[in-house]
Engineer: 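Take a look at this one; I'll ask things after.
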Protein chains: 2
Amino acid sequence: MTAGPACTGRREHARLRSVSLTHIQSFIAVAEEGHVGRAARRLHLTQPPLSRHILALEDELGTRLFERTRNGMRLLPAGEAFLLHARRILAEVDAAVHTVRGVAGSHTGG
Amino acid sequence: MTAGPACTGRREHARLRSVSLTHIQSFIAVAEEGHVGRAARRLHLTQPPLSRHILALEDELGTRLFERTRNGMRLLPAGEAFLLHARRILAEVDAAVHTVRGVAGSHTGG
DNA sequence: GGCGGTCATTCCGAAACAGCATTGGACGCC
DNA sequence: GGCGTCCAATGCTGTTTCGGAATGACCGCC
């Protein structure tokens with residue numbers, strides 16, 4: 001038996017061991033800006049870690065999300081598909097936070 | 001009052017600086033198990049970090065999500081509201097991964 | 001009063017992360 | 001064709017974050 005966590009005995013939510021909201025945010029920024037460096041500034045980050053975010057995401061998904069051109073990054077079809085989901089995920093998180101605050105407020109503050 | 005990075009100069013996706021998919025996963029596990037320790041085992045984790053995840057989430061949301069009883073953790077209304085969103089978020093992530101793999105496969109594998 | 005079970009806290013070592021400096025590739029210019 | 005420019009990728013290092021063992025605090029039970 002493997003010694004690592006690869007037992008797969010549990011059927012939790014599959015792996016999202018690596019996909020993080022930070023990576024998703026980074027992906028969206030790069031997709032919208034078309035440049036890693038510019039997206040980095042928008043996120044108050046520097047270029048190298050942002051570049052690594054994208055690489056990690058692509059590695060996790062097993063597919064290239066962007067085409068590297070000499071003008072920057074262009075979305076590939078897989079990237080465009082992911083972008084739709086990515087936006088929805090962040091919107092869901094936003095909604096979750098908002099909802100909880102609303103519920104809490106109505107219960108504590110009337 | 002908190003003097004954090006409340007500049008809000010950028011109107012990105014607001015803050016989700018702290019809310020992470022790991023925390024959401026932890027929250028769901030605790031909500032379903034009703035015990036931090038048991039949820040920890042299910043996640044192949046130990047109790048202290050999991051306890052911290054919940055505390056961090058509650059801190060981030062500004063509200064208690066669970067009622068601490070001597071028998072474990074019981075969901076408060078705010079927690080129940082968050083649970084619905086939490087499940088949807090993870091499902092969205094799952095769908096995103098699935099979709100991207102599908103798109104990539106159809107483009108590379110024919 | 002001792003015991004078992006629960007979550008919260010403290011401390012420490014390891015892994016992850018961001019940033020700096022640099023490299024490598026592609027194109028335009030002269 | 002060599003050189004400078006613009007872009008992303010990589011090596012390396014300091015810092016931060018994170019997980020885990022041990023411990024504390026609380027409560028019911030016997």
Side-chain angles (χ1 to χ4, degrees), chain A residues 3-7 10 12 15-76 78-79 82, chain B residues 4-5 10 12 15-76 78-79:
Chain A
C7 304
R10 275 288 175 182
E12 285 307 329
R15 88 282 268 110
L16 37 106
R17 59 182 192 281
S18 185
V19 175
S20 74
L21 293 180
T22 304
H23 289 172
I24 291 175
Q25 245 177 337
S26 297
F27 167 79
I28 292 177
V30 172
E32 291 181 353
E33 296 289 340
H35 295 256
V36 175
R38 213 181 301 164
R41 267 197 297 281
R42 170 166 142 188
L43 295 173
H44 309 293
L45 220 66
T46 54
Q47 178 257 325
L50 192 41
S51 180
R52 280 188 285 252
H53 289 181
I54 304 301
L55 290 172
L57 200 51
E58 290 178 330
D59 183 63
E60 173 67 21
L61 297 173
T63 321
R64 283 273 170 267
L65 262 28
F66 291 99
E67 182 193 351
R68 274 74 170 171
T69 78
R70 65 171 232 86
N71 287 327
M73 313 275 276
R74 185 182 342 182
L75 275 175
L76 291 173
F82 189 72
Chain B
R10 276 286 175 185
E12 287 302 329
R15 84 293 265 134
L16 32 108
R17 60 181 191 281
S18 185
V19 175
S20 74
L21 292 180
T22 304
H23 288 172
I24 291 175
Q25 246 177 337
S26 297
F27 167 79
I28 293 178
V30 172
E32 290 180 353
E33 297 288 340
H35 297 257
V36 174
R38 212 182 299 167
R41 268 196 298 280
R42 168 165 143 191
L43 295 174
H44 309 292
L45 220 68
T46 54
Q47 179 255 326
L50 193 39
S51 181
R52 281 188 293 246
H53 289 180
I54 303 301
L55 290 171
L57 200 50
E58 291 178 329
D59 184 61
E60 173 66 22
L61 297 173
T63 322
R64 284 274 169 267
L65 263 26
F66 292 99
E67 183 191 351
R68 274 74 168 170
T69 77
R70 63 170 243 85
N71 287 327
M73 312 276 275
R74 186 183 340 184
L75 274 176
L76 292 172

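The basis for the numbers below is simple: all heavy atoms, side chains too, and nothing from hydrogens, waters or symmetry mates. Convention: sequence-line order gives letters A, B, ...; per-chain numbering from 1.
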Engineer: Go through DNA chain D in 5' to 3' direction and return only the first and the last nucleotide with some atom under 4.0 Å of chain A's heavy atoms.
Structural biologist: D:dC7 to D:dC12
Engineer: Which residues satisfy the ring-ring contact (aromatic ring centres under 6.0 Å, His included) test with A:Phe82, sequence neighbours excluded?
Structural biologist: A:Phe27
Engineer: Quick check: on DNA chain C, is the nucleotide nearest A:His23 upstream (toward 5') of the one nearest B:Met73, or the reverse? Name the residue that is more 5'.
Structural biologist: B:Met73
Engineer: For the pair made of CZ in B:Arg38 and P in C:dC7, what is the distance, rounded to whole Å?
Structural biologist: 9 Å
Engineer: Passes side-chain contact (heavy atoms from CB on, under 4.5 Å), B:His53 versus B:Val30? Steps please.
Structural biologist: CA-CA 10 Å; B:His53 289 180; B:Val30 172; over 6 Å; no
Engineer: Which whole-number value in Å describes the distance from B:Arg64 CZ to C:dC7 C1'?
Structural biologist: 12 Å
Engineer: Closest approach to the side chain of A:Pro48, judged atom by atom: which nucleotide of C:dC7, C:dA21, C:dT9 is it?
Structural biologist: C:dA21
Engineer: Donor-acceptor pair under 3.5 Å: do we get one between B:Arg52's side chain and the base of C:dT10?
Structural biologist: yes
Engineer: When the distance from CZ of A:Arg68 to C1' of C:dG25 is rounded to whole Å, what number comes out?
Structural biologist: 13 Å
Engineer: In whole angstroms, how far is the P atom of C:dC7 from the CD atom of B:Glu58?
Structural biologist: 13 Å
Engineer: Output yes when a side-chain donor or acceptor of A:His35 lies under 3.5 Å from a complementary backbone atom of A:Asn71, and no otherwise.
Structural biologist: yes
Engineer: Quick one: does B:Arg70 reach the base of C:dG4 with a side-chain donor-acceptor pair under 3.5 Å?
Structural biologist: no
Engineer: Check the distance between C:dG4's P and B:His35's NE2 and give it to me in whole angstrom.
Structural biologist: 19 Å
Engineer: Quick one: B:Leu45 CG to C:dC7 P, roughly how many Å, whole number?
Structural biologist: 14 Å
Engineer: Within this structure, what is the CG-to-P distance between A:Asn71 and C:dG25, rounded to whole angstrom?
Structural biologist: 19 Å
Engineer: Check the distance between C:dG5's P and B:Gln47's CD and give it to me in whole angstrom.
Structural biologist: 14 Å
Engineer: Any base atoms under 4.0 Å from A:Ile54, or only sugar-phosphate, or nothing? Heavy atoms, all strands.
Structural biologist: nothing
Engineer: Can B:Arg41 and B:Glu33 be counted as an ion pair, charged N to O under 4.0 angstrom?
Structural biologist: no
Engineer: Is any NZ, NE, NH1 or NH2 atom of the basic residue among B:Glu58 and B:Arg52 found under 4.0 Å from an Asp or Glu carboxylate oxygen of the other?
Structural biologist: no
Engineer: In Å and rounded to the nearest 0.5 Å, what is the CZ to OG distance from A:Arg68 to A:Ser51?
Structural biologist: 7.0 Å
Engineer: Find which nucleotide of DNA chain D each of A:Gly37 and B:His53 is nearest to by heavy atoms, and output the residue with the more 5' nucleotide.
Structural biologist: A:Gly37
Engineer: Drop me the distance from A:Leu57's CG to A:Ser20's OG, to the nearest 0.5 angstrom.
Structural biologist: 8.0 Å
